[in-house]
Amino acid sequence: MRLKILAAVLLIVIGVGAVGFAVFGPNLSSSSSPQYLTATASRGTVAVQAVATGTVQSTAAYGLSFGADPEVISSASTTTTSSAATATTWVVKTVQAVVGQTVKKGQVLATADPTSANVAVAVAKANLAAAQAKLTIDEGHPAATVIAAAQNAINSANLSVTAAEHNAQITVQQDELAVQQAQTVLSNAQTALTQAQAGPTADQIAVQQASLSNAQLQLQQAQQTQAAQQAKDQLTLQAAQQAVTNAQTALADAQAQLNADMNPAQPSSTASPAPVVTPDPATIAKDEAAVTAAQQALQTAQNNLSSAQLAAQTAEQQAANAVTSAQNNLDSVQANYNANTTPSQTAIQSAQQAVVTAQQNLTAAQDRLAAAKTQQGDSLAQARQALASAETNAASSTGPQSAATIASDEAAVSSARQNLSNAQATAAHTTLTAPADGQIVAVNVEPGTIAPTGWAITMQTTALEATASFAETSVVGLKVGQPASVTVTAPNVTVPGTVSSIQPVGTSSGSNSVVTFTVTVSLSDPPATVLSGMSASVAVTTAEAQNVVTVPAIAVIGSSGNYEVRVLDSAGKEQAVPVQVGLMSSSLAEIQSGISAGQTVVIGTVSALNSSTTSGGFGGIGGIGGGFRAVDRGGAGGAAGGAAGNAGTRTTTGGAGAGGAGQP
């Protein structure tokens with residue numbers, strides 16, 4: 001693109017130079033006085049455009065899948081799974097769509113077997129019936145099974161409260177014992193320190209030896225008692241567990257007998273009609289009573305097992321506490337023995353450290369005791385709360401149901417009804433039709449296969465738009481609704497359009513980190529040769545002044561607020577006239593006051609090519625670069641700029657050239 005622009009500029013320069021030489025060349029060599037390059041102020045249009053390259057694309061793309069409404073997607077090339085995908089399996093029956101095909105709104109594209117969708121509808125109907133049945137039951141009286149379940153919940157909660165009370169008692173006792181032992185250890189450590197400082201005697205050593213032997217004997221006895229208790233508890237728990245297993249087996253047998261009597265075997269017979277054996281109501285009632293008795297026996301066995309486990313836990317915990325106490329006592333006696341039989345400075349230091357450690361252990365034990373009281377109190381409170389909740393639930397479930405329960409049942413019925421409606425809506429989409437006029441982009445289904453979870457068919461509309469990335473310096477002048485023209489490269493056509501959206505967040509790329517903003521232009525009636533994906537040049541008119549006095553931009557000198565234009569009076573002399581300048585492009589300037597249409601303005605001077613003046617240069621070239629271009633219709637700047645080039649001279653003003661009149 002850049003090479004094309006440079007080539008066009010070069011051709012313009014050569015053309016202007018050739019014309020200038022033809023017009024002024026014969027006179028330059030024979031005249032030493034300044035000759036003026038002039039143009040005539042005229043009425044016309046001054047317009048400024050922002051230009052960027054972009055791509056033509058469809059305004060909308062649709063993803064079509066069985067069981068759902070058509071969904072607008074970001075791009076016709078989207079391959080992600082449909083957001084409306086359902087669990088229904090769709091077996092494709094027919095496919096009429098072909099990639100590249102032009103279709104009309106409502107045209108059938110594909111059909112699928114509705115069997116799976118109909119099954120989903122049947123399941124939804126069954127769920128609705130179940131929800132309605134529960135609502136009907138809750139509005140009446142509870143069944144015997146509901147009452148039994150509520151009572152079981154209360155019994156279980158009672159056991160939890162008992163267990164929490166036992167655990168709280170055992171834990172707190174254990175921690176209190178630990179505090180007492182820590183206090184004893186501290187006292188012994190302090191005594192040992194005093195004795196170490198005083199020095200041991202033979203009697204003290206003998207006493208320590210006797211204490212150590214006694215402590216070791218106590219530990220051995222506690223360990224033997226613990227082992228015996230564990231063996232006894234193991235036998236008790238095994239017996240209780242076996243009772244539970246036997247009760248479970250009895251319950252299974254009773255249930256199996258009930259099932260067998262409810263479904264008696266039918267005799268084989270060739271007679272027509274064949275005789276039918278029906279269940280005996282008396283036998284069924286007897287079997288149900290046996291099942292209920294077996295359930296109660298199982299509950300009793302389980303309660304006995306829980307009680308046995310709780311008793312075993314209590315006994316073993318007490319035995320363990322005894323072992324711990326004996327071990328702690330042995331450790332304390334051993335420490336005292338070590339301290340009191342080695343009267344030295346090292347023993348004194350060790351005794352001092354033992355006092356510090358014992359004090360720390362006492363503090364830690366006291367903290368644990370306080371925490372245990374809080375924790376066990378919370379656990380007991382939670383268990384009692386659970387019991388109260390079970391009693392409340394029992395009262396609620398065995399009596400008339402509350403308004404909240406009825407409301408919950410009604411909500412479940414409403415949800416099931418909505419699920420049925422959704423299933424019916426899904427079943428209604430067994431045929432894919434075109435949601436709008438457009439073109440088929442992708443077909444991902446074939447007859448006899450299962451439709452994918454993504455789009456079965458994708459299509460795009462025939463309406464087109466162009467998107468282009470404008471530099472941040474250009475986008476500040478753009479607004480939604482501005483007119484634009486889009487030149488499509490491949491067919492070389494220009495299509496009018498309107499700015500429809502401007503991306504509010506810019507992006508940067510490349511080493512120069514140029515920030516660009518995506519601008520979308522909707523196209524008005526593009527020809528059939530314009531296709532989605534083609535490259536295009538987008539030009540947006542950012543400012544325009546129509547039917548105004550215009551002069552070549554090269555004729556304006558000065559700075560903002562202090563502009564002048566040089567005009568020729570009747571005697572051919574140059575005069576500077578202050579002017580008010582409005583919109584200015586790279587080639588034309590709007591004159592709001594100071595001169596009027598028809599006046600001759602100076603755009604430069606020329607002199608002979610062989611003179612030594614440096615006041616020249618080619619004019620008429622401008623408006624290239626910066627992302628903008630000027631559209632100047634009705635101006636006279638191009639001719640004047642070309643005349644300067646004809647003479648082979650350079651204009652005195654330089655810089656902005658005067659572009660020719662014509663189309664953008």
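Keep in mind that the numbers below use all heavy atoms, side chains included, and drop hydrogens, waters and symmetry copies. The model shown is predicted, which means the values in this text are computed figures rather than measured ones.
With a 4.5 Å cut-off on side-chain heavy atoms, Trp90 and Thr115 do not count as touching. Residues Ile457 and Asn444 are not in side-chain contact: their nearest non-hydrogen atoms beyond the backbone lie 4.5 Å or more apart. Taking 4.5 Å as the limit, every side-chain heavy atom of Ser537 sits out of range of all side-chain heavy atoms of Thr489. Put simply, the side chain of Thr458 reaches to within 4.5 Å of the side chain of Ile73, judged on heavy atoms. Within the 4.5 Å cutoff, the side chain of Leu128 has heavy atoms near those of the Val413 side chain. Between Val551 and Leu588 there is no side-chain heavy-atom pair separated by less than 4.5 Å. Contact annotation: the side chain of Ser508 never approaches that of Thr516 to less than 4.5 Å [non-hydrogen atoms, C-beta and beyond]. A 4.5 Å side-chain heavy-atom check between Ile440 and Val98 finds every atom pair outside the cut-off.
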Could you give me the CA-CA distance, side-chain angles and deciding distance for Lys125 and Arg417, then say whether side-chain contact (heavy atoms from CB on, under 4.5 Å) is met?
-> CA-CA 8 Å; Lys125 288 181 178 178; Arg417 187 175 289 113; over 6 Å; no

Apply side-chain contact (heavy atoms from CB on, under 4.5 Å) to Thr431 and Val108, showing your working.
-> CA-CA 7 Å; Thr431 299; Val108 175; 3.8 Å; yes

List the steps and the verdict of side-chain contact (heavy atoms from CB on, under 4.5 Å) for Val567 and Thr600.
-> CA-CA 6 Å; Val567 301; Thr600 300; over 6 Å; no

Apply side-chain contact (heavy atoms from CB on, under 4.5 Å) to the pair Val548 and Ile591, showing each step before the final yes or no.
-> CA-CA 7 Å; Val548 296; Ile591 305 301; over 6 Å; no

What do the steps show when you test Gln101 against Gln439 for side chain to side chain donor-acceptor pair (under 3.5 Å), and what is the final call?
-> CA-CA 6 Å; Gln101 176 185 5; Gln439 187 177 38; over 6 Å; no

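The OG1 atom of Thr529 sits 10.0 Å away from atom CG of Asn492, with the distance rounded to the nearest 0.5 Å. Atom CG of Asn118 sits about 8.5 Å away from atom OG1 of Thr430, to the nearest 0.5 Å. With values rounded to the nearest 0.5 angstrom, Ser485 atom OG is found 5.0 Å from Gln49 atom CD. Note that the CE atom of Met459 and the OH atom of Tyr62 stand 7.5 Å from one another [nearest 0.5 Å]. For the atom pair CG of Asp437 and CD of Gln460, the computed distance is 13.0 Å after rounding to the nearest 0.5 Å. Rounding to the nearest 0.5 Å places CG of Leu523 at 8.0 Å from CD of Glu465.
The main-chain N or O of Ala404 is never found under 3.5 Å from a side-chain atom of Ser408 such that the two would form a donor-acceptor pair. Between the side chain of Thr433 and the backbone N or O of Gly106, no donor-acceptor pair lies under 3.5 Å. Remark: side-chain polar atoms of Thr542 are paired, donor with acceptor, to backbone N or O of Val48 under 3.5 angstrom. A side-chain donor-acceptor contact under 3.5 Å links Ser500 to the backbone of Thr520. Between the side chain of Asn127 and the backbone N or O of Ala416 there is no donor-acceptor pair closer than 3.5 Å. Between the side chain of Glu590 and the backbone N or O of Leu583 there is at least one donor-acceptor pair closer than 3.5 Å. No donor-acceptor pair under 3.5 Å is formed between the side chain of Gln580 and the backbone N or O of Tyr563. The backbone N or O of Ser522 lies less than 3.5 Å from no partner atom in the side chain of Thr498, so there is not a single donor-acceptor pair. Formation of a donor-acceptor pair under 3.5 Å by the Asn562 side chain with backbone atoms of Gly558 is not found in this model. A donor-acceptor pair under 3.5 Å links the side-chain atoms of Arg43 to the main chain of Asn547, judged by distance alone.
Side-chain contact annotation: Thr518 with Gln503, donor-acceptor N/O pair under 3.5 Å present. For the residue pair Thr45 and Gln546, no side-chain donor N or O sits within less than 3.5 Å of a side-chain acceptor on the partner. Using a 3.5 Å distance cut-off with no hydrogens or angles, the side chains of Thr94 and Thr111 do pair a donor with an acceptor. Using a 3.5 Å distance cut-off with no hydrogens or angles, the side chains of Thr494 and Thr487 do pair a donor with an acceptor. Counting only N and O atoms by type, the side chains of Ser58 and Thr461 include a donor and acceptor under 3.5 Å apart.
Pairing each heavy atom of Val486 with each of Ala536, the nearest pair is CG1-CB, 3.7 Å. Here the shortest heavy-atom pairing between Val441 and Val99 reads O-CG1, 3.5 Å. Nearest heavy-atom pair, Val530 versus Pro491, reported as atom, atom and distance to 0.1 Å: CG2-CG, 4.3 Å. Counting all heavy atoms, side chain and backbone alike, Ala50 lies closest to Leu478 at CB-CD2, 4.0 Å. Contact record, Val579 with Gly594: CG1-CA, 4.0 Å, taken as the closest heavy-atom pair. Here the closest non-hydrogen pair linking Ala423 and Ala124 is CB-CB, 4.2 Å.
For Glu564, the side chain to side chain contact (heavy atoms under 4.5 Å, CB included) partners at least two apart in sequence or on another chain are Ile557, Ala576.
Other residues, nucleotides and ligands place no more than 12 heavy atoms under 6.0 Å from the CD atom of Glu446.
For the side-chain contact (heavy atoms from CB on, under 4.5 Å) with Gln575, the lone residue among Val565, Leu568, Asp569 that qualifies is Asp569.
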